[in-house]
Amino acid sequence: MKVATWNVNSIRSRLDHVIEWLRANPVEVLCLQETKVVDDGFPKQPFEALGYSLQVYGQKTYNGVALISRTPLEAVQCGFTPVLGAARVGDLDAQRRVIAGRCGEVYVVNLYVPNGNSLGSEKYDYKLTWLDCLKDYLAALLPQYPLINICGDFNIALEDRDIYNAADKATHIMASGPERQALKAVLSVGFRDGFRKFNQAGGHFTWWDYRAASFRRNLGWRIDHHYLSPQLYDRATACTIDLDPRGWDKPSDHTPVIVEYGE
DNA sequence: ATGGCCTAGGATCTAGGA
């Protein structure tokens, strides 16, 4: 079974790329982020024509996540509130960044973590607050689902080897200490990095700035991740980054990451 | 040293991304 994650930077702008990729890579579940469209406007038909089912949770202009699966998902939950309750979540579900559902034994959690803008900004505080809520959300889910695959655009490079030039990034958004600490706290609930099970090298990235020919020069960041609960981590047989779509005409600035696990 | 690009919305610019 394969699960892929891809921040597409608008599904309407990237529809042809996503369909072409899915034809060549018929994964069991495809998790999309930054769909940037209300649910009624999501172009479902091309996916359904390929035999896929869709669960979408979007909003106008910003954010938005979707689950695209070969078989319909069970126990689909949108946002933190169904798991944690409104009192704990507050207004954190106003931005649509979380959708989850069960595929066989595996519970897939698709996340678009806030960007955070810059250190000390209001958006930065929001990012840290959101990650603290994510930690509680996952702690509540794990006893229910021992096999969890959380994936998505985390907007955080956890280690220096995940950045093209870490030396000047200590106070950069996506690499700062408090962000890394907040993500480590999330993972401490019981998750491990699927990619690092198979590859310890630096220089492997999932996002490259549109500017300055960053992709051609491989000036990138590894910020899109698959984190697996222990039982699922043991089953993982591969985790790869597909660089191809980032080189296509008018690409997303992110590229897909695929994890595979056996029985 | 700076900004370099892309998207949506509603318009010829702004906000946001990372």
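Computed from a predicted structure; not experimentally measured. Order of the sequence lines sets the chain letters (A, B, ...), proteins ahead of strands, with each chain counted from 1. These numbers come from the heavy atoms of this one structure, side chains and all, not from hydrogens, waters or symmetry mates.
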Report summary line: Separation of B/dC6 atom P from A/Trp208 atom CH2, nearest Å, is 16 Å

Report summary line: In whole angstroms, the gap separating C1' of B/dT7 from CG of A/Leu32 amounts to 16 Å

Requested in this report: Using the C1' atom on both, measure B/dA11 against B/dT2 and round to a whole Å.
Outcome: 28 Å

Requested in this report: Encode nucleotides 8-18 of chain B as B, S and - characters from 5' to 3', where the letter depends on protein heavy atoms closer than 4.0 Å: B to the base, S only to sugar-phosphate, - to neither.
Outcome: SSS-----SSB

Query raised in the report: Considering residues at least two apart in sequence or located in another chain, which fulfil the side-chain contact (heavy atoms from CB on, under 4.5 Å) criterion with A/Gln55?
Result: A/Leu67, A/Val76, A/Ile99

Query raised in the report: Between A/Arg246 (CZ) and B/dC6 (C1'), how many Å, whole number?
Result: 10 Å

**Report entry** Span that lies between the P atom of B/dG16 and that of B/dG10, in whole angstrom
**Finding:** 15 Å

Query raised in the report: Between A/Arg217 and A/Asp209, is there a side-chain N and carboxylate O pair less than 4.0 Å apart?
Result: no

Query raised in the report: If you measure from the P atom in B/dA1 to the same atom in B/dT12, how many Å do you get, rounded?
Result: 36 Å

Query raised in the report: Is it true that A/Arg222 and A/Asp193 have a side-chain N and a carboxylate O under 4.0 angstrom from each other?
Result: yes

Query raised in the report: Separation of A/Arg216 atom CZ from B/dG4 atom P, in whole Å?
Result: 18 Å

**Report entry** Same apolar cluster: A/Phe80 and A/Ile150, side chain cutoff 4.5 Å
**Finding:** yes

Report task. Name all pairs fulfilling the salt bridge (charged side-chain N to carboxylate O under 4.0 Å, His left out) condition that reach into residues 94-115 of chain A, sequence neighbours left out, sorted by first residue then second. Result -> A/Asp39-A/Arg96, A/Glu105-A/Arg235

Query raised in the report: Between A/Asp234 and A/Lys197, is the closest basic N to carboxylate O distance under 4.0 Å?
Result: no

